[in-house]
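Letters go in sequence order (proteins before strands), and every chain restarts at 1.
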Amino acid sequence: MNECAVDRRTVIATGAVLAASLSLGSAPAGARASMDTRTTPLTRDITLSVNGTDHAIRVDTRMTLLDALRDKLGLTGSKKGCDQGQCGACTIHVEGERHLACLTLTVAVEGLHITTVEGLAEGESLHPMQQAFIDHDAFQCGYCTSGQIMSAIACVREGHAGSDEDIREYMSGNLCRCAAYPNIVAAVNQAKNEMERG
Amino acid sequence: MRPFAYERPTDAATAVALASVPASAHVTAPVQYKGGGTTLIDLMKLDVMQPTTVVDITAIDDEAMHRIVPSDEGLRIGSLVTMAKLHADPSVVRDYPLLTESLWQAASQQLRNMARLGGNVLQRTRCLYFRDTSYDQCNKRVPGSGCAALDGSNRGHAVLGTSDQCIALYPGDWAPALVALDARVEVLGRTGKRLIAFADLHRLPGTTPHIETSLSPGELITAFIVPGGPRRRSLYRKIRDRESYAFANASAAVAIELDGRTLRDVRIGLGGVATIPWRAHRAEGMLRGQELTEANARAAAEAEFGDARTREHNGYKVVLGKATMVRALLDAQAMEVPR
Amino acid sequence: MSVGNTAAPAPLANMGEPIRRSESVAKVTGRLVYAADAPGQSPLQAYFLTSAIARGRVLSIDAAPAEALDGVVKVYTHLNAPRRIATPYTQKGGYASDTNMPLTGPEIHHDGQIIAMVIAETYEIARDASHRIVTRYDATTPAATIDSPGVDILHPDALAEKEKKAGDFAAALAAAPVKVEGVYSTPAQHQNAIELYSTTASWSAGELTIHEPSQFVVELANGAAAMMGIDPSKVHVVNPYMGGAFGGKGFMTQRTALVAGAARELARPVRNVVTRDQGFTLATYRSETKHHVRLAADHDGRLLAYGHESWEMQSRHDDYPLAGFGVTTAMYGKPAILTRVNLVKADRQTSGFMRAPVEMPYMYPLESAMDELAFALDMDPIELRRVNDIRESPIDGARFTSRSLMRCYDEAAASFGWSKRDPTPGSMREGDWLIGYGCATAGYPTHMAPATARVTLSADGSARVEVAGHDSGQGTYTALGQVAARELGIDPERVHVAMGDSRLPAAPASSNSLATASIGSAVKLAIDKLRSRFGNALPDDRDRSAAFARLGVSEIGDLGEFLPPGTNPEVLGMLRKGQVPFANQARGDESKNGKPLMFAFGAEFVEVRIHRLTREIRVPRMTGAFAAGRIVNPRTARSQLMGGMIWGMSSALLEATEIDEKRGRYVNDSLGEYLMAVNADVPRVDVIMVPEEDPEVNPLGVKGIGELGIVGTAAAVANAVHHATGKRIRDLPIVMDKLLA
């Protein structure tokens, strides 16, 4: 395990920057001077556990989980619709809870279990929520669908699918511009029954 | 986003030591704490915040920061508890409807699973001129640069607690509930812990809108303490353009106690209308000991907004803010409260 | 199909089967590849820096701090931009959706214009670098709203044909006993498909491959070739699936050639994904409009006069006029008519398609005014439409090929429970909530464009349909498969449809709700040709292999070429060059030379609830009934109509791009601040598809439904708000501010 294996040079570099910023401490109060003179990305070697598989990757500390999934691991099912936590298209599960990959730093989820839409089906056998989305035409363009399905599965597990009203409220973090909303509610209802049986 | 060093300490003291560096305000400090990251990462992408070190506090192995503990004196809520965990807590659902409602009506479940309560109360304004660095006027972002919102697009801006330097709205939902309940904040600094009144956490913009809180750089919120026991006749009314996943146009957190129709106690926190989580002291003073009628509630709301200052597009917030307060009080009166 | 599955309505007369989308499994498993997902190239990342002013000049731009970052490959500004050749506006024989060509000089013509492009090894580096570029401007006060000082208001002669006139309007108005008049406005809006705009460009042996979401791949390929100065055969656009488009991905923007130019110079693939906020200024949008409408009627409600003058926001450099009078004058009665359109030229980017681009902003004021007239007459608004239902155009007497408007009203009204409405405003309440019912007409012309498609039948009984069409969620893959299967007499599962590739047989833009009608007709014509190869009867399963053996082939294909009525074969050449459809299509709202009017109609009903104190508006239910000729697939059709209705509700209550008037800039340029409907806003939507046959419109009898659903909703909401409160809000969106005032 190289959990947060601290790169010695990183620490030194940080210290240097901090020292530099201290020396700038007499700058006008609150001036929005970027005290950062750093021009080189800081990277880390981490192991990312996605859909039951460990991936050793080197990431820029700035890299979001969404970009890491898409660009480092080739898991492009999670979508970028806003990149600022406002659309839900990047919804994934972290330790079984629904999170937004676009606001998650990759370095911050090392050691945690991540599930993406690619990890739902077992072989050719679809998850009941995936099948329900097909049955109820709960998508049109399909771009928000990965996020909707990840959100919907969590919605059921959380116990927030007890009524249509609950489903609508707890699925409101996932925008669907095609506006398949009533069909999504119908799909969640169908899958809920199967998930609770199964 | 600028390059940054990432640290994930497992104890609070180390986190505080890493973050205690000089800065003019905690929000501009070069070392920033990250809980859920839902505000910080967003603002870093926008280049509004430029920390050189991010200290991830979610791995801090201090049980008290992760727990909700009801006791006779009230409720102690660790700062690393997520919004989702608190709003689903059965004792909170039963005893503090205003806390539960102010949380589930905020953001989305994904964000609530990520966001920690310590960070929640510190979320930054949604002022469009603050969030977009291409505007060169923003006293909050660049002190002394001016305020584009004053003569700009200000439908979403504050009408209470403003100054000529800044009219940015405090956008949160939970904080108005906390301020109504006289909550306290437990803060860990290099020299140890201190308790501050929640009402003192946020600062009015005045002439220094870039200094948003009374926290020093490096100070870490570790817990919230809500005194006084259960508030079963309480609720949160949030009025917004769309039904969900939107910030408040106006909101009111109220907790009342009734003797018949007479208000034995009344607490009102307002959101969506002020630069800080707003305690409606003036309205409370007028209502305490009085009958709760729509007319009395209106008079109190009128008084509370007496000093409101409006701009071109946000005049409706005065009307709406008053209506929201009245509605919340009447709805609280009509609540079925289990004994 | 499970019983009670409202998503899959049982087909009524003249409807196909409600089969599932052919790409369903790929969509629910995350396997579908959208443009920015295209794997395997490890492209360089391009990130745009856009202007902080709406008008003026860049005085200096210092890229050195950006170039100093490790991983930055190049920073392009107007001083060193990749070489491109300007192309004219789409409606003027070129390919540009906006002719303002960034990085060709220091001038700034609108907010958020591209002023630099950073190319870096990673996205993180490119974005960081863009923030470090230091720009100094010489800013000029912009004129950016319809009422701003400094705009130019034009009344071009070229639009005269669109300004419909009949009779003596002034005299008819003066003599009429009942009149209403109002000024209405619609806001700027953005399409905001959830899929971001993006371009990935790579060069190999002088050939350019582009992955970019596009509603018109043939246009994009030809346009990119023109701007790169290469032969169109050297450009290959690949875009099989889009994550929504709604008009935003209609015609080529200036981004494509910038990215392709960088890729050519740097000899590496380059990808640009436009951020959400940049998308507000780096593509077209729905610009704001203003309308002065006058209606007059006799005491029985018969229309005597209809006057409509409009103002439409435009960029300074291109005209995208709507002038939707062809639609509004085809709705009702035989009044005297006077219409006029004004173009308001301002410091803005060029506007363009957004779902029902013409119909939404023009039908909202007409349908609001009709409700005002009904109120003034003390007449039921449905009855006012009935009194004025027509069979022929009030302009020139042209007939409609079919018109089922009142059937739609009757079915929707019955389902909605309109008879429970007490017409007195403010009279219906439940607790603290005021209740309002409103209705309005939806109408959308049946447009058609030339299209070509190749259909290949194999000896094993499978078939292939190839066409450079598009599917941004409408269900075009599925519908074309069904059209082909029906004509071929095989199961839809045996038809493979290939689209979204500029090297396939040319198809028009997926816009104007014309895809199924136009491409589907080409498919049918291709199959007609195939049939003739087999002696006018396609072989069935039993004799297929023998029939193919006789021909000595294992598969046989033919190209169908569909020419809309009234167009000549030259339009096929224009189509293959990606020339815009306006010049070469048949419009349903044009009736000259004896050509009939072709329209789909609908009736939309809305219930609103408004809190008596806080005045927020909620829509617990909507009902729409629509008649649009043959429905190829009731499942995908219902979804489209439902989505359209929700769009209309969202448009009425939520969506407006706010403009800082002083600075001429869009301020709410995010999905957190530009509000669109979420799931909780839409408790119930009932869609009724009214059977209708119209063999005259095109070989398939299909009218098009992609936009119909949105058209009447905004007015229905506004009319319901009036019913609930007595307040008539004439400027959209109807936000609580306006009801609290």
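- For the pair C/Tyr123/A/Asp83, a side-chain contact is recorded, criterion being any heavy-atom separation below 4.5 Å from C-beta on.
- Looking only at atom types and distance, the side chain of A/Asn183 has no donor-acceptor partner in the side chain of C/Arg635 under 3.5 Å away.
- Atom CE of C/Met676 and atom CD of A/Gln86 lie 10.0 Å apart (nearest 0.5 Å).
- Remark: A/Arg62 engages C/Asp128 in a salt bridge, criterion side-chain N to carboxylate O under 4.0 Å.
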**Asked** When you look at A/Gln130 and C/Val25, which way does the side chain to side chain contact (heavy atoms under 4.5 Å, CB included) test go after all the steps?
**Response** CA-CA 8 Å; A/Gln130 293 174 310; C/Val25 170; over 6 Å; no

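- A/Asp137 and C/Arg20 are not joined by a salt bridge, as no carboxylate oxygen comes within less than 4.0 angstrom of a charged side-chain nitrogen.
- Looking at heavy atoms from C-beta onward, C/Arg31 lies out of side-chain contact with A/Val117 at the 4.5 angstrom threshold.
- When all heavy atoms of C/Glu124 and A/Asp67 are compared, the closest pair comes out as OE2-OD2, 3.8 Å.
- Looking at A/Glu118, its side chain never comes within 3.5 Å of a backbone N or O of C/Thr29 through a donor-acceptor pair.
- Of all heavy-atom pairs spanning C/Gly243 and A/Cys141, the tightest one is C-SG, 3.3 Å.
- You'll find the side chain of C/Ser670 reaches within 4.5 Å of the side chain of A/Gln84, heavy atoms only.
- C/Tyr241 does not touch chain A: none of its heavy atoms, backbone or side chain, sits under 4.5 Å away.
- Looking at C/Arg21, its side chain never comes within 3.5 Å of a backbone N or O of A/Ile134 through a donor-acceptor pair.
- Using a 4.0 Å cut-off between charged side-chain N and carboxylate O, A/Lys80 and C/Asp37 make no salt bridge.
- Counting only heavy atoms from C-beta outward, the side chains of C/Ile125 and A/Pro41 approach each other to under 4.5 Å.
- When heavy atoms are compared at a cutoff of 4.5 Å, C/Tyr674 approaches chain A solely by way of its side chain, counted from C-beta outward.
- With salt bridges taken as basic N to acidic carboxylate O contacts below 4.0 Å, none links C/Arg684 and A/Glu165.
- Most heavy-atom pairs under 4.5 Å with chain C, from the set A/Gly77, A/Pro182, A/Ser146: that is A/Pro182.
- Put simply, the residue from C/Val682, C/Val678, C/Asn679 that forms a side-chain contact (heavy atoms from CB on, under 4.5 Å) with A/Arg168 is C/Asn679.
- Using a distance-only test at 3.5 Å, with no hydrogens or angles considered, a donor-acceptor pair links the side chain of C/Arg276 to the main chain of A/Gly81.
- Most heavy-atom pairs under 4.5 Å with chain A: of the set C/Glu23, C/Gln191, C/Arg355, this distinction falls to C/Gln191.
- At distances below 3.5 Å, not a single donor-acceptor pair connects side-chain atoms of A/Lys79 with backbone N or O atoms of C/Tyr34.
- Atom CD of residue C/Glu195 and atom SG of residue A/Cys87 lie 12.0 Å apart, to the nearest 0.5 angstrom.
- Heavy-atom pairs under 4.5 Å with chain A peak, among C/Leu32, C/Thr122, C/Leu69, C/Leu196, at C/Leu196.
- Looking only at heavy-atom pairs under 4.5 Å with chain A, the residue among C/Ser198, C/Gly244, C/Ser650, C/Ser639 that has the most is C/Ser639.
- The parts of A/Leu175 that come within reach of chain C are both its backbone and its side chain, each placing non-hydrogen atoms under 4.5 angstrom from that chain.
- Only the side chain of A/Glu124 comes within less than 4.5 Å of a heavy atom in chain C; its backbone stays farther off.
- Most heavy-atom pairs under 4.5 Å with chain A: of the set C/Ala245, C/Ala26, C/Gly643, this distinction falls to C/Gly643.
- Ranked by heavy-atom pairs shorter than 4.5 Å toward chain C, the options A/Tyr170, A/Phe133, A/Phe139 are led by A/Phe139.
- Residue contact with chain C, scored on non-hydrogen atoms closer than 4.5 Å, involves the side chain of A/Ala89 exclusively.
- Within 6.0 Å of the CD atom in A/Glu194, the count of heavy atoms belonging to other residues, nucleotides or ligands exceeds 12.
- Not a single donor-acceptor pair under 3.5 Å links the side chain of A/Thr145 to the backbone N or O of C/Val28.
- Contact annotation for C/Gln474: neither backbone nor side-chain heavy atoms come within less than 4.5 Å of a heavy atom of chain A.
- Looking at C/Ala129, neither its backbone nor its side chain comes within 4.5 Å of chain A, counting heavy atoms on both sides.
- Using a 4.5 Å cut-off between heavy atoms, C/Val72 makes no contact with chain A at all.
- At a cut-off of 3.5 Å, with distance as the only test, no side-chain donor of C/Asp70 or A/Thr39 sits close to an acceptor on the other residue.
- Listed for the C/Trp647 side chain is a donor-acceptor partner under 3.5 Å among the backbone atoms of A/Arg177.
- Among all heavy-atom pairs drawn from A/Ser172 and C/Ala680, the shortest one is OG-N, 3.0 Å.
- Here the side chain of A/Tyr181 pairs no donor or acceptor atom with the backbone of C/Ile646 at under 3.5 angstrom.
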